[in-house]
Number of protein chains: 2
Amino acid sequence: MSNLIDFQVDPTSYRHWRVTYEGEVANLYMDVDEDGGLFDGYQLKLNSYDLGVDIELADVVQRMRFEHPEIKAVILQSGKDRVFCAGANIKMLGNAAHAHKVNFCKFTNETRNTFEAAGAESGQHYIAAINGTCAGGGYELALACDYIMLTDDGSAAVALPEVPLLAVLPGTGGLTRLTDKRKIRRDRADVFCSLVEGIKGARAKSWNLVDEVITNSKFAETVEQRAGEFAANSTRAASDAGIELNPLYRSFEENGDVKYSSVNVTVDRTGRSATISIEGPDSAVPVSLTDLVEQGSDTWMLRCARELDDALLHLRLNELELGNLIFTTRGDATAVLAHESFLMTHKDHWLAHEILLYWKRVLKRIDMTSRSLIALIEPGSCFAGVLAEILFAVDRTYMAEGEFEDNDHGEATITLGQSNFGLYPMANNLTRLQTRFLSDDGLVEAVQNHIGQPLNSDKSDELELVTYCFDDIDWEDEIRIFLEERSNFSPDALTGMEANLRFAGPETMETRIFGRLTAWQNWIFQRPNAVGETGALQRYGTGVRGEYDKKRV
Amino acid sequence: MSNLIDFQVDPTSYRHWRVTYEGEVANLYMDVDEDGGLFDGYQLKLNSYDLGVDIELADVVQRMRFEHPEIKAVILQSGKDRVFCAGANIKMLGNAAHAHKVNFCKFTNETRNTFEAAGAESGQHYIAAINGTCAGGGYELALACDYIMLTDDGSAAVALPEVPLLAVLPGTGGLTRLTDKRKIRRDRADVFCSLVEGIKGARAKSWNLVDEVITNSKFAETVEQRAGEFAANSTRAASDAGIELNPLYRSFEENGDVKYSSVNVTVDRTGRSATISIEGPDSAVPVSLTDLVEQGSDTWMLRCARELDDALLHLRLNELELGNLIFTTRGDATAVLAHESFLMTHKDHWLAHEILLYWKRVLKRIDMTSRSLIALIEPGSCFAGVLAEILFAVDRTYMAEGEFEDNDHGEATITLGQSNFGLYPMANNLTRLQTRFLSDDGLVEAVQNHIGQPLNSDKSDELELVTYCFDDIDWEDEIRIFLEERSNFSPDALTGMEANLRFAGPETMETRIFGRLTAWQNWIFQRPNAVGETGALQRYGTGVRGEYDKKRV
């Protein structure tokens, strides 16, 4: 198990980040340990990062929302002198397998999005305070912040040198945030992305690459002042103390299974499948907000979200050959709805609000997981409310029809909650049901009329909620045949197909990052001009430029 | 020159298509000549197609709009028995270089889009009448039609078998049109795209894969009836006789230059650049609509559009190493505006309307050309109205400042017309100026206040219309340095960068096809699972399945 990439870290184990808290403002210092790379063969110089650095960052952002609800502004800054961040480590990228590159970029993208979500949804605003070199992924970190401040010391600059230097794209949202977030004129964006040395001072401000340029002597003071202003203008309610995010209840088994308290991952290597079983609530609905806070990270809704999130990340990075992810649930649908309803009723309370927002992120993590996703709705399952949302995130749903032998749970049902109609929008800003029924709003309304009712297979089929219904006789065979067939398809073709079918309808900056930008970057990550023997990523640092096939494609 | 792919064909030379005209309805028969492939090494069996087949199809669609304005409905059908179209030829795809695959798909996509544009903009509606096998690119042809009719003979089916059979995507718009045009539930789309044999009969209709299923005996009659209905409901005005699209005035020179009557392509192989020089009007503005029709395909606005379009396609397919396309113009800005104004004034006349719509398509062809695009605004140039639009399509514009020695044209200017504010929207449905100024509508308005005024470099710079201005002393050096730098970048990184920067703002079905779908397809076209020795495209037809690396990326 020692080679597993572990997404669970905590502040006592951070190697690359420090956080200090002063009232409503947090100072977040990036101070990467050169020798702390996740893999061998590279040093993390100049605050460059690898997945390990980003796992810690994701943890910081997550804990900020749960453990430090008093924080309204986060100053993202460097712990090093005259260097903010040099971006993703190039040697790491050069050595990494294609799949790791792609998964690394996806995770870093998801984490950048959480900066923006924290500001927009929770009034925790990220401010980038750039004190020196800020290149590539370093500037993309800044671009994900709500406000960018640059010191004017004659050398500090922002840069996206990927194209001229590395023959790849600024793929962690860089190109998309230039055009869509900061709305930079595209010829200027073209110029900026061609300049290895980047842009500094007044020009950086006038092109809107940064929000403010400040003389070096006044930099620290002005940053503090702006953080205070963001905190003062934050929509975040007055704060309570936070809760602690306790270590997960988790064990890795020899055979690859992973057991959590409310989630179990069972691995079938022959079938190239993993089953993610979610257990419905095993504890009581909080009786009060005080009780909710006391339950803290043990409360079922939060515990289940954390466990599911960790399971998804583990499967993505550590189990590349398990192409089918099968979601099942077991438990009491009424209890699921009761837990969720408690949070919805109290969603003005910071913790209830944060737990629901976390589910929104976890559900998006499912949407973005490039495996074939299947849900099995069996007798005894509890696909209700938040768990029913999974049914509309997956590629196909199979529902058991009628009663099953040796199963005393009666027939399988789905129970929708109010939450399925707006609480957990996808990256395209539609609900999953709206995306499913893009053809006809009447279908969404028809479903909405059945909130709270257990819908059996006939009714679910009629309401177009499921792909197929099979009875006890056919159930196992049909699913086995489908999984076998799916396992025989090309994983790449499935990745491309799913990335196109899952996000129908409108596009947003977020879908554009994961769709257009990521797809082009992945293409480039396959091209000899980037990754071939004489490609720029391989040649980087040797003093010899990449040699390129000059044919345009 | 004999190996050049030539985009100029005419009905007398068609090998693969026949058209008959009956009143307001055209019957368009696909009847591919098996031995008529553009390259050696494959036979075009079962109405499968290669680029040569598609070049003829593009010509049909284009001529329909100019030579047959009386047509309001086009029945796209097969000239063969029990087979509609088997899609792109797999052996051709397997043999083709990556760059050819990508360019082939781009051109076919552009042609599919012209079906939809003909219906939406000109009331010429395409109806697919499917009499048998309709698979892959064959069904994608149908998906681009306004109405899909399928015979119910027990075997005729529609299918997108790319993923299971070939390990690639239905990349000619297939996936996007399933979700965004036909709004098919995504789990059904997933099922459909996994079925080699496709879907037929009532299920094809109930899933909205086709609009109508008709028993075989009534098929021909019903198709005719529907065509009549589409024609009757067409918004197209009562028709005049068409004009003839004469052969282009074109000569290919030994050194690669191409000379047309109003466009010249000059090749600089060392600099990996081609200059596309557009000559302003050399003939008088039509004095009347009768005069316009008499000028026919010789009228400057139409002639110039056809020549520019041909030049772009030639450079895309035949000159892969020319990474920089430099646009220049020469002539009288007032004359350009006068020619364009005449058409705008008379845009209720079918021919004036069609010429303007053609410019819209040609400008989109520029947007979609994956080369670095540069415009040079020199003394004596005529970037006005429709030609000024090119300035906002390219990646960068360089403008001459002040008078130039040895040039008696005075200072360079840009003159905007009303046309720059809505007549030629991009694929994202915004004007190019709106896309440029995504940050601020005030900037568009500011520019709009200067319609018809020659704007010198100071004014153009102030209005943010150009990237850089240089005077006589710096002009040549600056441009030379930029072009050299650009030529040294990785062509792939530039392709990815430009594809992301050019299409800021909203996405449409069209941008999604060229952005998300195409980018994923291009990625897959690089993956060993598709194109490697044991990949599905290579193995196709051998009776042995592709062997796949099962790692998910």
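Naming convention: chains lettered A, B, ... in sequence-line order (proteins, then strands); numbering from 1 in each chain.
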> Taking it one step at a time, do Asp492(B) and Tyr548(A) satisfy side chain to side chain contact (heavy atoms under 4.5 Å, CB included)?
Replying inline: CA-CA 9 Å; Asp492(B) 304 320; Tyr548(A) 304 134; over 6 Å; no
> If you tally heavy-atom pairs under 4.5 Å against chain A, which of Val394(B), Leu165(B), Thr397(B) wins?
Replying inline: Val394(B)
> Just by distance, do the side chain of Arg516(B) and the backbone of Ala499(A) share a donor-acceptor pair under 3.5 Å?
Replying inline: yes
> Side chains of Arg486(A) and Pro164(B): does their closest heavy-atom pair fall under 4.5 Å?
Replying inline: no
>> Donor-acceptor pair, distance only, cut-off 3.5 Å: does the side chain of Arg182(A) make one with the backbone of Ser439(B)?
In response: no
>> Measuring only between side-chain heavy atoms, which start at C-beta, is Val553(A) closer than 4.5 Å to Lys101(B)?
In response: no
>> Going by salt bridge (Lys or Arg N to Asp or Glu O under 4.0 Å), name the pairs with one or both residues in residues 164-174 of chain A, residues two or more places apart or in two chains.
In response: none
> Given a strict heavy-atom distance threshold of 4.5 Å, which part of Glu498(B) is in contact with chain A: side chain, backbone, both, or neither?
Replying inline: side chain
> Are there more than 12 heavy atoms of other residues, nucleotides or ligands under 6.0 Å from atom NZ of Lys551(B)?
Replying inline: no
>> Is any side-chain heavy atom of Val163(A) closer than 4.5 Å to one of Ser490(B)?
In response: no
>> Working note: Leu438(A) + Thr179(B), criterion side chain to side chain contact (heavy atoms under 4.5 Å, CB included); need CA distance, chi angles, decisive distance, verdict.
In response: CA-CA 8 Å; Leu438(A) 209 56; Thr179(B) 56; 5.6 Å; no
>> For Tyr468(A), I'd like to know if atom OH has over 12 heavy atoms of other residues, nucleotides or ligands within 6.0 Å.
In response: yes
> Cut-off 3.5 Å, side chains only: do Thr467(B) and Arg185(A) have a donor facing an acceptor?
Replying inline: no
> Is there side-chain contact between Thr495(B) and Trp523(A), with heavy atoms separated by less than 4.5 Å?
Replying inline: yes
> Can you list the steps and then say if Arg396(A) with Asp187(B) is a salt bridge (Lys or Arg N to Asp or Glu O under 4.0 Å)?
Replying inline: CA-CA 5 Å; Arg396(A) 294 194 196 180; Asp187(B) 55 343; over 6 Å; no
> Could you walk me through whether Arg188(A) and Glu464(B) pass the side chain to side chain contact (heavy atoms under 4.5 Å, CB included) check?
Replying inline: CA-CA 10 Å; Arg188(A) 285 180 173 164; Glu464(B) 301 212 15; 3.7 Å; yes
> What part of Asp440(B) is in contact with chain A, defined as an atom under 4.5 angstrom from a non-hydrogen atom: side chain, backbone, both or neither?
Replying inline: neither
> Distance only, no hydrogens: is a donor on one side chain within 3.5 Å (strictly under) of an acceptor on the other, for Ser372(B) and Arg552(A)?
Replying inline: yes
> Is a side-chain donor or acceptor of Lys550(A) paired with a backbone partner of Leu322(B) at a separation under 3.5 angstrom?
Replying inline: no
> Between atom CG of Asp395(B) and atom SG of Cys193(A), what is the distance when rounded to the nearest 0.5 Å?
Replying inline: 11.0 Å
> How far apart are the closest heavy atoms of Asp180(B) and Ala504(A), and which atoms are they?
Replying inline: OD1-CA, 3.8 Å
> Are any of the side-chain heavy atoms of Glu507(B) and Pro506(A) separated by less than 4.5 Å?
Replying inline: no
> What option among Val191(B), Ile524(B), Val168(B) has the most heavy-atom pairs under 4.5 Å with chain A?
Replying inline: Val191(B)
